[in-house]
Amino acid sequence: MSRYNVRETEAKWQAAWTERDCFKVAEDPSRPKYYVLEMFPYPSGRIHMGHVRNYTIGDVIARYKRAKGYNVLHPMGWDAFGLPAENAALERGVHPGKWTYENIAAMRGQLQTMGLAIDWSREIATCRPEYYRHEQKMFLDFLKAGLAYRKESWVNWDPVDNTVLANEQVVDGRGWRTGALVEKRKLSQWFLKITDFADELLSALAGLERWPEKVRIMQENWIGKSTGLRFKFKLSAGHEDLEVFTTRPDTLFGASFVAVSPNHPLAAKVAETNPALAEFIAECNRSGTSESAIETQEKKGFDTGVTAEHPFVPGWNLPVHVANFVLMEYGTGAIFGCPAHDQRDLDFARKYGLPVKPVVVPEGQDPASFDVGTEAYTGPGTIRNSQFLDGLDVEAAKQAAGERIERMGRGERTTIFRLRDWGVSRQRYWGCPIPVIHCESCGIVPVPEDQLPVTLPEDVTFDQPGNPLARHPTWKHVDCPSCGGKAQRETDTFDTFIESSWYFLRFADPRNEGAAFDPAKAGYWLPVDQYIGGIEHAVLHLLYARFWTRALERCGYTTGLKEPFDGLFTQGMVTHATFQDAQGKWLFPTDVEITGGKAVMREGGAPVTVGPTVKMSKSKKNVVDPAHIIDTYGADAARLFMLSDSPPDRDLEWTEAGIDGAWRYINRLWRMVTEPAAPLPPPGTPVPGELSQAAQDARRTVHKAVAAMGEDLERFRFNKAVARLRELSNALEKVDGKGAGEGWVLREGLEALVRMLAPMMPHLGEELWAALGHTTLLVDTPWPEADAALATEDSATVAVQVNGKLRATLHLPRDMAQDEAQAAALADPNVQRAMDGKPPRKVIVVPNRVINVVV
RNA sequence: CGGCGCGUGGUGGAAUUGGUAGACACAUUGGACUUAAAAUCCAACGACCAUUGGUCAUGCGGGUUCGACUCCCGCCGCGCCGACCA
């Protein structure tokens with residue numbers, strides 16, 4: 001029995017594709033285009049199983065669409081700026097650039113062993129000046145358009161990475177990369193005006209029909225739009241008016257206090273003369289915004305002694321507190337408290353003995369006796385005890401109160417967003433330099449465009465903490481482009497999320513030196529038809545890219561591109577069981593042997609504890625190296641396993657048994673084609689006049705499989721698509737070639753099988769296609785077409801139920817007349833027995849499916 | 001606390017979107033081939049009773065329906081995400 005030589009075969013076909021430039025594409029208006037993109041990798045040096053899954057999914061789509069006649073763009077690049085390169089420099093004394101480029105070379109080599117249908121001529125690396133110079137130009141254009149500005153502000157400081165983080169990059173009070181508790185620092189920072197697009201970024205989510213609901217909801221929550229009323233309280237003597245924001249102006253008459261954030265200017269002002277308050281503010285800042293401390297944190301306040309006059313009731317003065325639950329970052333940093341209808345306000349009021357006055361009475365409650373206990377009432381109802389609002393419902397009262405405030409000139413109805421502007425300055429070396437110059441006399445001067453790119457100096461040291469650019473002896477010293485005097489370069493670099501905010505556009509025109517891209521080329525390829533990546537970028541990268549696309553559009557870069565990614569698919573993680581030895585030390589799967597359900601050390605046989613199956617991670621050592629798998633089983637087996645069993649959006653458990661199963665199936669396919677059960681007629685032989693019954697049945701199976709397979713691939717149901725291939729294999733193995741035309745049918749079936757497995761197992765596909773006697777490449781062969789007539793069965797298996805219970809299954813002619821089908825069902829002995837001699841009261845006939853007899 | 005998702009054999013998962021629950025696999029068991037092992041092939045495989053056949057089964061409890069894994073109501077459990085957003 002011959003065996004499939006995977007290593008030689010895969011290398012052979014990869015060479016053949018490369019030699020013929022099979023995946024190199026150009027704009028071609030005569031064909032529909034299809035742009036498939038997987039989130040590009042950070043060049044860490046080695047690919048991991050997450051990459052394999054990501055790029056396998058993308059490649060299946062790219063190859064399938066290609067076979068369907070699309071002009072498919074499927075590029076690859078490197079998200080090459082970032083901190084790991086600097087850490088490597090720190091640890092090993094290697095320059096970040098050298099480290100990065102070597103990693104790129106290594107990873108490119110590994111990716112190429114996967115046999116991906118990628119146009120490598122379009123490869124980009126974001127750390128190259130040829131790439132980032134365009135991003136510097138974009139920034140200057142944003143600056144001109146007022147979309148970039150510099151501001152001193154409190155920023156999130158990651159003490160481990162020694163850099164600033166954007167709000168999106170702070171998770172639970174910690175840096176998203178380091179997990180270090182984020183500190184607050186006041187720094188001058190560059191910001192991009194993502195808030196300018198808040199409303200549009202929000203409303204356009206509804207049009208992203210091919211995005212997962214989950215991601216759209218996450219972005220919606222992140223943008224966080226609230227409509228309400230912004231208005232000013234008059235404060236007691238010596239204080240300026242205090243502006244608050246509320247979404248519940250209908251409850252204004254239920255107010256019992258006003259509260260400001262510990263970071264509010266008013267709090268600072270009062271604290272100047274009030275040491276106790278200063279101490280309270282310091283205490284609030286210590287407990288910070290970190291972790292779930294917030295969750296359990298008690299509502300605390302400090303009465304400033306200042307009072308605020310109710311806007312509708314002259315002489316009604318409310319106490320102004322500093323309260324630890326009021327956020328400076330949201331709204332105006334000040335609120336009015338209505339305890340009866342807001343849980344936080346209620347907790348606060350109960351603690352400090354403030355009045356709780358219900359003003360919204362739910363339907364069916366007696367207004368005279370309605371009261372709240374420990375739970376605030378936030379539902380609908382009728383307004384009471386509220387003068388001119390009395391009798392209105394909540395919505396009408398919101399409107400009436402808002403209008404009154406506006407007429408009084410005390411405020412306005414408005415919309416606010418949770419979204420903050422994007423802080424993009426980073427105090428790091430390995431990033432894109434921000435192209436501005438600080439001049440003492442001229443202020444901030446943009447680097448003239450003809451001086452771009454501002455490139456990174458090569459001779460830097462990492463022997464001390466902080467930014468090497470800032471302490472470089474010469475790099476930052478320049479003449480001011482405006483006055484010619486001595487000036488300094490900006491030494492901060494861009495957040496690396498900027499590079500990934502537009503790389504999908506660069507792929508449309510990657511070698512353009514004069515511009516980031518030609519609008520015509522971008523117009524042809526964009527938007528990305530199918531984007532594929534992990535859910536972890538749901539708000540970071542995917543929101544930034546949507547913003548950047550709009551910002552470029554405003555600056556005249558593109559020709560009406562609204563959204564960068566038309567379809568988004570978020571894949572699940574690759575998981576693996578975890579192993580620990582007796583001391584609790586994590587063990588690599590390669591060090592563990594599982595025999596008879598027991599796990600032991602491969603060396604020595606010491607017992608091993610099998611832990612939960614979780615995402616592969618270096619820290620838990622539950623990783624399997626894709627390079628090793630590809631070397632042993634081949635890329636096709638790895639790809640097949642990635643697609644089998646688990647739906648692509650769910651987690652996939654990597655198992656030794658699973659990859660073995662994939663490998664066995666590949667060999668089975670190899671034998672089916674190279675040692676067919678009957679001699680195959682040459683390719684292109686017309687249908688024989690006579691076909692045995694078995695041949696006709698097999699043919700039907702083939703055409704059914706083709707129809708189903710296309711449907712499954714279109715809908716990303718790769719696990720089912722694999723099952724279809726196996727079903728078809730099972731059916732074809734039953735054809736023995738003895739009857740009339742069976743050899744011909746076997747060829748038809750095998751050809752369909754090979755063409756359909758090609759997107760998943762492209763190397764095996766080519767090999768089998770050649771073995772079937774073809775001299776053309778399978779990659780240039782169109783997707784098979786199903787013949788609907790041939791795929792239709794002439795009989796149907798019909799379930800017969802009596803009172804909803806299955807009593808018989810009948811094989812009846814397809815589309816049989818309903819009364820005849822009913823008669824056949826009633827004649828069945830099992831059915832008659834179940835009917836127990838009673839006459840049918842009712843018979844439901846679902847054609848070709850079910851007959852239910854009710855007695 | 002809120003949002004989203006999930007709950008089906010020993011395991012991963014199917015179920016034409018209300019119509020034969022368990023496709024396709026993995027694991028297991030038995031058999032064939034082999035000196036032996038591997039590979040391969042054949043067979044069994046939700047549980048329980050049984051002689052043809054039947055009863056019970058999709059987290060639990062109710063409902064709608066001729067018919068519910070699927071729809072509705074109420075619970076329980078798991079996972080992910082967000083969390084003092086006024």
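Throughout, protein chains are lettered first and strands after them, A, B, ... in sequence-line order, and every chain is numbered starting at 1. When reading the values below, keep in mind they use all heavy atoms of this one structure, side chains included, and skip hydrogens, waters and symmetry mates.
Each of A799(A) and N830(A) was matched to the nucleotide of RNA chain B holding its nearest heavy atom; the match closer to the 5' end belongs to A799(A). With the nearest nucleotide of RNA chain B identified for both G661(A) and V853(A), G661(A) has the one nearer the 5' end.
Here the nucleotide nearest the side chain of L327(A), chosen from A86(B), G19(B), C24(B), is A86(B).
Listed by residue number, the members of residues 837-849 of chain A with any heavy atom below 4.0 angstrom from RNA chain B are K842(A), I844(A), V846(A), R849(A).
Within 3.5 Å, no donor on the side chain of K214(A) pairs with an acceptor on the base of C81(B), nor the reverse.
The NZ atom of K398(A) sits 10 Å away from the P atom of A86(B) (whole-angstrom rounding). Straight-line distance from the OH atom of Y330(A) to the P atom of C85(B): 9 Å, rounded to whole Å.
F231(A) and F336(A) have tilted rings, their planes meeting at an angle from 30° to 60° on a 0 to 90° scale. Note on ring orientation: taking the six-membered ring where Trp is involved, the planes of F641(A) and W654(A) are perpendicular (angle over 60°, cut-offs 30° and 60°).
Taking side-chain N and O atoms only, K805(A) has no distance below 4.0 Å to OP1 or OP2 of C66(B).
Nucleic acid contact class of R664(A) (heavy atoms, under 4.0 Å, all strands): sugar-phosphate only. Residue R230(A) is classed as having no contact, given no heavy-atom separation below 4.0 Å to the nucleic acid. Note on N730(A): only backbone sugar-phosphate atoms sit closer than 4.0 angstrom, heavy atoms only; bases stay farther off. Within 4.0 Å of S646(A), counting heavy atoms only, lie sugar-phosphate atoms of the nucleic acid but no base atom.
What you find for P311(A) and L252(A) is that their closest heavy atoms are CG-CD2, 4.3 Å.
In this structure D199(A) satisfies the side chain to side chain contact (heavy atoms under 4.5 Å, CB included) test together with K225(A), F417(A), sequence neighbours excluded.
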